[in-house]
Amino acid sequence: MVFAFLRRSFLALVGAAVLATGTIAPMAPVLAVEVGPVSKLPLPRYVSLKSARVNLRIGPGRDYPVSWLYLKPGLPVEVVQEYELWRRIRDSEGTEGWVYHSLLSGERTSIAAPWLKGKATMIDVHANPATDAPLTARLEPGVVAPVRECASGWCQLAVMDRSGYVRQQEIWGVYPDENFQ
């Protein structure tokens with residue numbers, strides 16, 4: 001899906017360059033943003049699970065069988081497609097399926113390094129967005145936490161009664177170099 005999106009964007013850029021100049025000329029990159037046909041929100045995008053019980057179905061409707069049951073509210077997922085009131089999502093392990101839109105929240109959350117789950121390592125949470133800043137906490141891989149903001153490669157998380165910054169590349173639930181408040 002991402003490959004098809006990038007291919008369409010590249011072809012649109014090349015077509016615009018040829019129309020404007022008659023030849024293929026270097027242009028500043030401009031990425032078109034795909035939006036959902038129903039929500040008009042960007043696709044793909046990260047959201048989180050709103051409910052403590054969310055059925056993942058193999059198709060967009062209640063008549064489709066349930067393939068998975070999520071039991072963790074706040075879990076980040078990526079919306080990759082829309083069909084009427086249904087959203088196709090992908091979780092941090094790559095599992096995809098359909099959920100009803102009202103079971104999703106726009107609240108941004110993250111999972112600390114799910115690719116390291118089960119390994120003897122920790123993710124450092126710093127007082128400020130710098131590797132030499134004092135530590136406020138250390139997270140085990142797999143910990144889910146709300147994301148307050150991301151800027152310049154760092155994201156501010158709220159974990160229990162602590163707040164701090166992690167490097168953006170150490171969490172799943174935000175895009176590389178994504179900035180938001």
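Here the structure is a predicted model, which is why all the values come from computation and not from measurement.
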(message) Please list all pairs meeting disulfide bond (SG atoms under 2.5 Å apart) that have one or both residues in residues 53-83, counting only residues at least two apart or in different chains.
(response) none
(request) Please identify each residue that fulfils side chain to side chain contact (heavy atoms under 4.5 Å, CB included) with Ile123, with sequence neighbours left out. (result) Ala112, Ala113, Leu116, Leu139, Val166, Glu170
May I have the list of side-chain donor-acceptor pairs in residues 65-75 shorter than 3.5 Å, sequence neighbours left out?
residue	atom	partner	partner atom	Å
Ser67	OG	Leu56	O	3.2
Tyr70	OH	Asp91	OD2	2.7

(message) Quick check for you: to the nearest 0.5 Å, what is the distance between Glu82 atom CD and Trp98 atom CH2?
(response) 8.5 Å
(message) For the NE2 atom of His101 and the CD atom of Glu84, what is their distance to the nearest 0.5 Å?
(response) 11.0 Å
(message) Would Lys117 and Ser92 count as a side chain to side chain contact (heavy atoms under 4.5 Å, CB included) here? Give the steps.
(response) CA-CA 11 Å; Lys117 202 167 182 181; Ser92 65; over 6 Å; no
(message) Between Glu96 and Val80, is there a side-chain heavy-atom distance shorter than 4.5 Å?
(response) yes
(request) Please identify each residue that fulfils side chain to side chain contact (heavy atoms under 4.5 Å, CB included) with Tyr175, with sequence neighbours left out. (result) Pro44, Tyr46, Glu78, Glu178
(request) Identify, with sequence neighbours excluded, every residue that meets salt bridge (Lys or Arg N to Asp or Glu O under 4.0 Å) alongside Asp124. (result) Arg138
(message) Taking side chain to side chain contact (heavy atoms under 4.5 Å, CB included) as the definition, give me every residue that meets it alongside Arg148, ordered by chain and number, with sequence neighbours left out.
(response) Gln156, Ala158, Ser163
(request) Just grab all the disulfide bond (SG atoms under 2.5 Å apart) pairs involving residues 74-140, residues at least two apart or on different chains. (result) none
(request) Output every pair passing disulfide bond (SG atoms under 2.5 Å apart) with a member in residues 75-140, not counting sequence neighbours, ordered by first then second residue. (result) none
(message) Set out, in order, the CA-CA distance, both residues' side-chain angles and the distance that settles side chain to side chain contact (heavy atoms under 4.5 Å, CB included) for Leu104 and Ile89, then state yes or no.
(response) CA-CA 10 Å; Leu104 301 173; Ile89 63 165; 4.2 Å; yes
(request) Report yes if some heavy atom in the side chain of Leu157 is under 4.5 Å from a heavy atom in the side chain of Val147; otherwise report no. (result) yes
(request) Sequence neighbours left out, what pairs pass disulfide bond (SG atoms under 2.5 Å apart) with at least one residue falling in residues 64-159? (result) Cys150-Cys155
(message) Restricting to salt bridge (Lys or Arg N to Asp or Glu O under 4.0 Å), what partner residues turn up for Arg57, sequence neighbours left out?
(response) none
(request) Could you tell me which residues satisfy side chain to side chain donor-acceptor pair (under 3.5 Å) with Asn55, sequence neighbours excluded, listed by chain and number? (result) none
(message) The criterion is side chain to side chain donor-acceptor pair (under 3.5 Å); which residues satisfy it with Arg53, sequence neighbours excluded?
(response) none
(message) Between Leu41 and Leu49, is there shared hydrophobic-cluster membership here, with clusters defined by ILVMFWY side-chain heavy atoms closer than 4.5 Å?
(response) no
(message) Side chains of Pro146 and Glu107, heavy atoms from C-beta outward: is any pair under 4.5 Å?
(response) yes
